[in-house]
Every structure is written in structure tokens, then in C-alpha cells.
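One structure is given here, and the rest of the page talks about it.
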Amino acid sequence: MLELNVIRREPEKVKAGLRKRNWKEEDLGIVDRILALDEQRRKLQTQRDELLAQSNKLSKQIGQLFKQGKREAVEALKAQVTTIKATLKELQERKAALDTQLEALLLSLPNIPHPSVPAGSSDADNEIYKDWSGALPQLPATAQPHWELAKQYGIFDLELGAKLTGAGFPVFRGQGARLERALINFFLDEARAAGYEEIQPPLLVNADTARGTGQLPDKEGQMYYIEKDELYLIPTAEVPITNIFRDAIVPASALPIKMAGYTPCFRREAGSYGAHVRGLNRVHQFDKVEIVQIAHPQHSYEVLEEMLAYVSSLLDKLELLYRIVKLCGGDLGFTAALTYDFEVWSAAQERWLEVSSVSNFETYQANRMKLRFRDGQKKTQLAHTLNGSALALARVVAALLEQNQEPDGIRIPQVLVPYTGFERIVRS
RNA sequence: GGAGGAGUGGCCGAGUGGUUGAAGGCACCGGUCUUGAAAACCGGCAGGGUCGAAAGGCCCUCGGGGGUUCGAAUCCCUCCUCCUCCGCCA
């Protein structure tokens with residue numbers, strides 16, 4: 001949620017941000033509507049507060065008079081307060097209505113893109129931030145996409161998942177399951193070495209938590225919802241981990257706070273069709289290690305760089321080819337100010353697969369969560385939140401399988417061997 | 001799931017209708033003292049909204065919501081959470 005005082009102070013900047021997100025001119029009026037509502041709300045509140053002050057004062061007097069036993073005076077004042085209360089009730093109702101309206105409008109406003117975010121309407125307009133420098137490898141003509149390899153080597157089984165649950169729920173088996181577990185452990189160990197506290201959060205969250213990071217109300221349809229208990233399955237560990245600090249005030253000296261956690265992620269997303277969703281390209285449940293940082297506003301972009309370097313180091317260690325893409329205004333998520341995607345080269349599919357998304361949300365999430373820090377004096381200030389996948393497993397597995405396929409098996413990157421306990425995946 | 005108990009500021013804890021946004025203690029911050037530190041002493045120390053150039057004023061918040069009352073941390077209703085016992089269970 002954008003800060004109201006930012007909208008008050010710089011409405012034009014907010015509108016410019018919305019334009020970058022390709023909002024139509026006629027929709028920008030929301031900013032003015034918010035300002036108008038805010039103005040009304042403040043007026044109403046001033047009136048209300050004055051009446052409350054009067055009534056509080058009279059009530060205190062009544063208390064004193066009562067002690068002195070002045071019954072008639074008490075009755076007269078009581079009548080006065082009752083009159084005030086009647087007016088007050090009406091004001092309260094109007095204010096509550098305004099508050100609700102204002103809140104709804106504020107929730108519907110996305111974050112303002114960082115100045116460096118390129119213009120554009122779709123992923124085709126994203127800027128290549130760091131390209132793969134070498135030549136893309138040519139696999140032999142016999143090379144298989146990962147879903148074929150999965151069948152040959154018994155790595156995962158989507159049909160079996162469909163039997164147990166439905167489409168998009170892979171069942172990993174044998175060496176495939178061990179590879180999955182190896183990657184999770186590798187990523188967690190790396191994160192710990194980089195100074196992240198390991199977190200194991202709940203996989204189900206309540207509405208307050210889902211709202212805090214911005215999944216509600218914007219992306220309600222993307223989450224699985226358990227109606228009976230009013231709980232949501234997490235689409236990413238970002239949600240519970242960032243919300244650890246919801247309604248918290250931390251000392252400035254504690255920043256940056258670094259946390260990492262492994263969780264399965266659940267996505268209902270309708271998705272597209274065809275080859276782009278085959279195999280592990282797009283599934284309803286996948287594993288991911290997420291890194292989250294809570295940073296001082298002055299340093300959050302340095303932190304973002306640090307996170308980029310960290311994710312790069314993981315991909316380097318896994319010997320995967322990747323590039324980094326800076327998302328354009330049209331592709332940028334609702335809550336992010338700046339996002340870099342990491343895309344890994346899927347050799348057999350001859351396309352780039354997104355394996356990580358690293359974002360700075362500035363104060364957008366913090367404002368919803370009331371996540372603040374206390375600076376030098378007494379004042380509290382909203383912190384910046386950042387997160388990134390480090391990494392999303394399913395697609396990393398897809399790329400690893402394809403890139404490392406050899407006639408007699410699939411080679412495991414050196415760094416993973418201590419985790420898998422085997423050097424090759426072979427036909428069973 | 002059943003029965004009982006409890007939820008007060010960063011923590012402990014007093015407070016059962018009238019200057020209580022809340023005693024006292026701990027922690028923390030500043031100061032005095034000290035060569036320095038500790039101890040002792042003095043002072044400060046909730047968040048938010050709103051008005052104001054500022055100083056400061058006013059309003060809201062004692063688990064959440066609603067109600068009774070001129071007035072509620074204190075009474076009533078409801079929901080949530082935690083604890084104890086029983087049941088069930090990985």
C-alpha cells in the first residue's frame with residue numbers, strides 16, 4: 001500500500017508511476033479521488049475529535065459534581081452529553097464509511113516503479129540487465145526435453161500426480177526425489193553461510209498475513225483457500241517469512257534482517273497451454289528456498305544488488321547458464337518497485353526459464369504490515385522489504401536435467417554430489 | 001471435541017465504573033558521582049491519527065469486535081489466543 005502522505009505530497013509522481021504501469025489516463029483519477037476522500041476524512045475527524053473532547057470534559061465534570069452530591073447539576077450535564085452523542089454517532093458512521101472507501105482505493109493502487117524501470121507492456125519489453133556472455137551450447141540432436149528424460153530415468157511422474165491430486169502436482173521418485181532434496185539442502189546451507197537465518201514457517205496463513213505482503217486482495221484467485229478455516233496455502237515463503245515482522249518496530253541497528261526458508265509453494269494460476277506448461281515448466285506445487293531481507297530505506301538498493309550477486313553465485317555453482325532481466329513497467333508485479341528475474345537456459349527446449357525473481361518493495365509491504373524501525377531519535381519509520389527466490393526448484397531441475405544429459409546418464413554438478421550421494425542419474 | 005483458568009506498555013506486574021494511557025519493578029536511553037566501570041542517585045522511556053511553522057493541544061488504542069453508561073482496563077455479549085485437566089491422535 002502506498003503511503004498516504006506520499007500521495008498527498010507527490011500526486012503527480014504517483015500518476016507517473018501508474019502510467020509506467022500502462023494505466024489508462026482515465027483511470028488515473030483514482031489518485032484525485034483518494035486525495036478528495038482523504039481531505040473529507042480529515043475534516044470529519046477534526047469535527048469528531050472536537051465533539052469527543054467536549055463530551056470527555058463534561059463527563060469528568062459530572063464525576064466531580066457527583067462526588068460533591070450536586071444531583072441537579074449532574075442531570076443537566078448528562079442531558080448535554082446525550083445531545084452531543086447523538087451528533088457524534090452520525091459523524092462516526094460517516095467517517096467509518098469514508099475510511100472503508102479510502103482503504104479500498106488505497107489497496108487497489110500498485111507500487112510506484114523505481115525510476116530505472118524500463119517502459120513497456122509485456123515481458124518482450126524487459127531489459128536484459130546481464131546477458132549470458134558465451135555461446136549457447138548446442139545439444140546433440142538426440143537431446144530430450146526434461147519431461148522425456150523424467151520418463152526415461154524415473155525422475156518425476158506427472159500422471160501419477162494427476163491420479164493422486166490433479167494436473168500440475170508432480171511426484172518425484174528415486175534419484176529425482178533425492179535430487180530435489182539435495183537442492184533444498186544445498187540452497188539452505190548456502191543461505192546460512194551468507195548470513196540468512198533459517199526459518200521454517202507455516203504453509204497455511206490467515207488473511208491478515210496474506211494481506212501484509214500484498215497477496216490479498218490483488219491476487220486472491222492465485223491462492224488455494226481453505227474455507228472452513230479461512231486459511232490460504234502459501235504461494236511463496238515470502239508471505240509467512242516477511243510477516244514475521246508485521247506490526248513490529250525494530251531498532252535500526254538490527255537492520256538488515258536476513259531470513260531464508262524452504263517451503264513448498266502452491267499456485268492455482270490458470271496458466272497458458274502447450275509446451276510452455278509441459279513438464280515442470282509450470283506446476284501447482286513446487287519447492288522453493290526464499291530469501292527475505294528487511295532493510296533501511298537508505299540501503300535497500302545496495303541490499304538488492306547483494307541479493308542479485310548471491311543468486312548469481314548459486315547458479316554459477318550449479319554451472320547453469322543464465323541471464324538477468326530487469327522487468328519493465330508492464331511486467332512488474334503489483335507490489336514491487338523493482339524486480340530482476342533470473343532466467344536459466346533450457347537447452348532442450350531452447351528457451352529461457354524463470355528460476356528466480358528478486359525484488360525491492362520499498363515501503364509498499366511495510367506500510368501494509370506496519371513494519372517499522374526506530375532511527376536515532378524516537379521516531380519510527382517504515383522499513384523496506386526485499387525478497388528473492390534462491391531458488392525455485394522445479395525449473396532448476398528442468399534445466400539441470402536437460403543441460404547435463406549424456407548418452408548414458410545425467411551428470412550431477414560437482415557441488416551437489418555431497419548432497420545427492422551420487423554423481424549421475426542412471427536408468428534404473 | 002469437553003471442563004476450568006487467563007489475556008494490561010519491550011518484559012514482569014498493580015489496577016473491578018470517575019484526572020489511569022495506566023502504580024511499582026526490570027530492561028533500555030541520558031545525566032550526576034568515579035581515573036574508568038559497577039553501585040547509588042536524578043531524569044527520560046507505548047503506538048497511531050489530527051490540528052499547528054514550532055512549542056504544544058486534542059482524539060483513539062489495556063487480545064479483536066460489539067453493547068450498557070454522562071463516564072469502562074474495570075460491567076455485559078461475541079470471537080480469538082494461551083495455560084491446566086479429560087478425550088482423540090502423528
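Residue numbers begin at 1 in each chain, while the letters A, B, ... track the order of the sequences.
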Practice problem: Can you figure out which of C58(B), C60(B), G47(B) approaches the side chain of Ala53(A) most closely? | Solution: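 Among C58(B), C60(B), G47(B), the one nearest the side chain of Ala53(A) is C58(B).
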Quiz item: Which of these nucleotides, C70(B), C59(B), G47(B), is closest to any side-chain atom of Val81(A)?
Solution: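 Out of C70(B), C59(B), G47(B), the nucleotide with an atom closest to Val81(A)'s side chain is C70(B).
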State the [atom1]-[atom2] distance between [X] and [Y], to the nearest 0.5 angstrom.
| X | Y | atom1 | atom2 | answer |
| --- | --- | --- | --- | --- |
| Gln215(A) | Asn243(A) | CD | CG | 8.5 Å |
| Leu353(A) | Arg395(A) | CG | CZ | 6.5 Å |
| Leu382(A) | Phe373(A) | CG | CZ | 8.5 Å |
| Thr263(A) | Ile199(A) | OG1 | CD1 | 12.0 Å |

Phosphate contact ([N] OP1 or OP2) by [X] side-chain N/O below 4.0 Å:
| X | N | value |
| --- | --- | --- |
| Asn56(A) | C60(B) | yes |
| Arg374(A) | A46(B) | no |
| Lys85(A) | G71(B) | yes |

Could you tell me the separation between the [atom1] atom of [X] and the [atom2] atom of [N], rounded to a whole number of Å?
| X | N | atom1 | atom2 | result |
| --- | --- | --- | --- | --- |
| Glu93(A) | G66(B) | CD | P | 12 Å |
| Ile249(A) | G10(B) | CD1 | P | 8 Å |
| Met369(A) | G48(B) | CE | P | 16 Å |
| Ile62(A) | U19(B) | CD1 | P | 14 Å |
| Leu58(A) | C70(B) | CG | P | 13 Å |
| Arg246(A) | G63(B) | CZ | C1' | 14 Å |
| Lys78(A) | G18(B) | NZ | P | 14 Å |
| Glu75(A) | C70(B) | CD | P | 9 Å |

What interatomic distance, in whole Å, is found between [atom1] of [M] and the corresponding atom of [N]?
| N | M | atom1 | answer |
| --- | --- | --- | --- |
| G15(B) | C83(B) | P | 25 Å |
| U16(B) | U8(B) | C1' | 13 Å |
| G63(B) | A72(B) | P | 15 Å |
| G67(B) | C62(B) | P | 15 Å |
| C51(B) | C45(B) | P | 25 Å |
| G31(B) | A23(B) | P | 25 Å |
| G7(B) | C75(B) | P | 11 Å |
| A46(B) | A3(B) | C1' | 37 Å |

Can you tell me the base-pairing partner of [N]? Count Watson-Crick or G-U wobble geometry only, both distances below 3.5 Å, and say none if there is no partner.
| N | value |
| --- | --- |
| A14(B) | none |
| A46(B) | U61(B) |
| A54(B) | none |
| C75(B) | G67(B) |
| A27(B) | none |
| G87(B) | none |
| A6(B) | U81(B) |
| U20(B) | none |

Quiz prompt | Heavy-atom closest pair, residues Pro170(A) and Phe156(A) | solution =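 Taking Pro170(A) first and Phe156(A) second, the nearest heavy atoms are CB-CD1, 4.4 Å.
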Exercise. Could you tell me how the ring of Phe342(A) sits relative to the ring of Tyr322(A): parallel (under 30°), tilted (30 to 60°) or perpendicular (over 60°)?
Key: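 It falls in the tilted class, 30° to 60°.
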Quiz item: Just checking, is any N or O donor in the side chain of Thr242(A) or Gln365(A) under 3.5 Å from an acceptor N or O on the other one?
Solution: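 Checked: Thr242(A)/Gln365(A) side chains show no N/O donor-acceptor pair below 3.5 Å.
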Exercise. Nearest-nucleotide wise, let me know which of Gln381(A) and Lys89(A) is further upstream toward the 5' end of RNA chain B.
Key: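 Its nucleotide being nearer the 5' end, the pick is Gln381(A).
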Write out a two-atom table: protein N or O, nucleotide N or O from nucleotides 50-52 of chain B, distance below 3.5 Å.
{"residue": "U50(B)", "atom": "OP1", "partner": "Arg8(A)", "partner atom": "NH2", "Å": "3.0"}
{"residue": "U50(B)", "atom": "OP1", "partner": "Arg41(A)", "partner atom": "NH2", "Å": "3.3"}
{"residue": "C51(B)", "atom": "OP1", "partner": "Arg42(A)", "partner atom": "NE", "Å": "3.3"}

[X]/[Y] aromatic ring centres below 6.0 Å:
| X | Y | answer |
| --- | --- | --- |
| Tyr129(A) | Tyr340(A) | yes |
| Tyr196(A) | Tyr310(A) | yes |
| Tyr301(A) | His384(A) | no |

Quiz item: Using a cut-off of 4.0 Å on non-hydrogen atoms, how would the nucleic acid contact of Leu52(A) be classed: base, sugar-phosphate, or nothing?
Solution: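 The answer is sugar-phosphate, as Leu52(A) gets under 4.0 Å only of primed atoms, P, OP1 or OP2.
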